[in-house]
Amino acid sequence: MYALIDCNNFYASCERVFNPSLMGKPVVVLSNNDGCVIARSNEAKKLGIPMGAPAYQYEAVFERRGVGVFSANFPLYGDMSRRVMSILSSYSPQQEIYSIDECFLDFSGMSIDFREYGLKMRAHVEKWTGIPISIGIAPTKALAKAANRIAKKFPGRTDGCHVIDTEEKRIKALKWLDIEDVWGIGRRNAAKLRAIGVRKAWDFVNLSPSWVQKYMTVTGLSLQKELNGIPSIPMELPEKRQSIAITRTFDADKGDVEEIRERIVTFTSMCAEKLRFQQSLCRKVMVFLETNRFKGKEMQYNPSILVRLPFATDSTLELAKFAVGGLKQIYKEQFLYKRAGVILMDFEDADRYQPSLFLNSNPKHKLLMEKMDAINRKYHKDVVRLGVQDFTRHQMRQEHLSRQYTTNIRDILVVEI
DNA sequence: TCTGGGGTCCTAGGACCC
DNA sequence: TCTGGGGTCCTAGGACCC
């Protein structure tokens with residue numbers, strides 16, 4: 001059996017833990033630049049605020065209905081996630097952390113009362129972190145996902161834990177679950193399936209496997225097996241990332257090359273730090289620019305370039321140089337840009353790297369980067385940085401930012417009695 | 001005025017090899 | 001006129017996830 005555990009309205013719940021006056025009130029969390037809604041408490045959902053809603057269109061609603069509005073506070077959410085995951089990991093020898101607010105647990109070989117076990121986990125996480133979770137338990141990962149949805153959405157359910165452990169329960173679940181809500185069925189596939197009369201997960205499992213393979217590739221086929229109770233999607237053990245990206249929407253449209261170059265260098269530097277943290281070297285850097293897609297009348301230009309490095313490296317200095325080289329090839333001064341990004345890809349392990357006979361990363365950078373990372377970790381992010389980086393010119397809009405209650409001693413909560 | 005960010009996997013088609 | 005067959009690797013783009 002597998003469990004899929006996820007945190008309810010995770011970001012909104014994190015804000016509530018440290019601000020109990022928000023209990024029972026609508027809460028929303030906004031994306032970077034306070035752009036759009038990326039998390040909503042149940043009360044906010046009931047007000048009809050949709051996922052992804054542009055914040056400026058809902059300001060009146062926020063005001064009128066007393067909605068607690070927060071700028072995204074990722075250091076806080078990341079730390080709360082680590083706490084929740086750590087507690088859950090004690091319930092199984094194998095945990096797959098699937099996203100910031102979700103994980104799978106492998107219960108293979110355990111013969112216990114799964115429902116009781118789930119309720120225990122739930123109480124434990126709630127008591128130690130204040131975060132409410134929902135739990136689905138079933139013979140495959142895809143069915144565990146479905147069970148989780150039942151725990152959360154099935155009319156009348158309130159205990160947050162559902163177990164699919166009999167054939168009747170499996171069939172009942174599949175007959176209830178809409179096809180677009182099946183894990184792994186996206187918009188495109190849902191439309192394809194609807195067109196041939198598939199409305200429920202149950203209809204999907206009754207399609208012929210050859211049809212599924214032909215129109216939905218092997219991915220669809222293993223999903224179908226999973227829903228039929230045959231495990232086909234293995235647990236993923238923690239591994240190094242295969243790509244690392246930093247992309248940002250700017251606070252305004254920008255045309256100045258110097259300014260964009262500064263952003264590209266800063267993004268590259270952030271990527272490089274993550275790259276060194278997972279002890280990888282990188283062979284390719286992708287740089288992209290985007291014009292403002294909401295200005296439909298204006299000519300759009302969304303170039304990207306893949307720069308192949310002559311050697312593998314994790315040096316911020318070298319990566320930044322190649323990224324800027326890429327930028328110069330795609331930048332055109334007649335456009336204003338709203339978004340840009342840097343993606344590192346094609347990694348190899350730093351400790352297994354075989355240097356080339358001719359051209360290699362500058363060996364002096366290794367120590368330099370080590371010291372830079374150590375100082376930045378000890379004191380403050382970006383105390384040591386490249387000369388071209390200039391944070392003063394790029395202030396992200398964060399008008400509703402909560403404190404870093406759990407990761408910054410200056411922000412620790414003070415309780416007055 | 002104001003509209004997010006970071007990942008993974010699969011496939012078709014081209015380049016290249018013998 | 002007629003012009004093979006079977007592989008691998010790489011990449012761009014699409015689909016999906018949260």
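Quick caveat, the model's predicted, so the values are computed rather than measured.
- Residue-level contact check: A:Val37 touches neither bases nor backbone, having no heavy atom under 4.0 Å from any strand.
- Paired with A:Tyr91 under the rule ring pair (Phe, Tyr, Trp, His ring centres under 6.0 Å), one option of A:Tyr117, A:Phe107, A:Phe114 passes, and it is A:Tyr117.
- Among the atoms of the strands shown, only primed sugar atoms or phosphate atoms (P, OP1, OP2) are found under 4.0 Å from some heavy atom of A:Gln242.
- Residue contacts shown for A:Asn189 are limited to sugar-phosphate atoms, with no base heavy atom under 4.0 Å away.
- When each of A:Gly35 and A:Thr247 is assigned the nucleotide of DNA chain B with its nearest heavy atom, A:Gly35 is the one assigned upstream, toward the 5' end.
- Within the 4.0 angstrom heavy-atom criterion, no nucleotide atom of any strand lies near A:Leu30.
- Every salt bridge (charged side-chain N to carboxylate O under 4.0 Å, His left out) that A:Arg352 has, sequence neighbours left out, goes to A:Asp349.
- At the heavy-atom level, A:Lys192 lies nowhere under 4.0 Å from the strands shown.
- Classification of A:Asp79 and A:Arg82 as a salt-bridged pair holds, one side-chain N sitting under 4.0 Å from a carboxylate O.
- A donor and an acceptor atom, one from each side chain of A:Thr313 and A:Ser315, are nowhere located under 3.5 Å apart.
- Both the sub-6.0 Å distance and the 45° axial angle are not jointly satisfied by A:Lys141 relative to the ring of A:Tyr2.
- For DNA chain C, the span of nucleotides reached by chain A at under 4.0 Å from its heavy atoms goes, 5' to 3', from C:dT11 to C:dC18.
- Donor-acceptor pairing under 3.5 Å is recorded for the side chains of A:Glu15 and A:Tyr77.
- Salt bridge status for A:Arg194 with A:Glu180: present, with a side-chain N to carboxylate O gap under 4.0 Å.
- Annotation for A:Lys240: atom NZ counts as buried by contact number, over 12 foreign heavy atoms lying within 6.0 Å.
- In this structure, A:Asp34 reaches neither bases nor backbone, as no heavy-atom distance under 4.0 Å exists between it and the strands shown.
- No cation-pi contact links A:Lys192 to A:Tyr215, judged by a cut-off of 6.0 Å to the six-membered ring centre and 45° from its axis.
- A:Glu102 comes within 4.0 angstrom of the backbone, heavy atoms only, and of no base.
- Across all strands shown, A:Lys284 has heavy atoms under 4.0 Å from sugar-phosphate atoms exclusively, and none from any base.
- Ranked by how close their nearest DNA chain B nucleotide is to the 5' end, A:Lys240 and A:Asn32 are led by A:Asn32.
- Within 4.0 Å (heavy atoms only), A:Ile100 reaches no atom of the nucleic acid at all.
- Across all strands, A:Ile343 comes closer than 4.0 Å to no nucleic acid atom at all (heavy-atom distances).
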Practice task
Both distances under 3.5 Å, Watson-Crick or G-U wobble: on that basis, could you give the dot-bracket string for DNA chain B, with [ ] for crossing pairs and | for other-strand partners?
Solution key: ....||||||||||||||
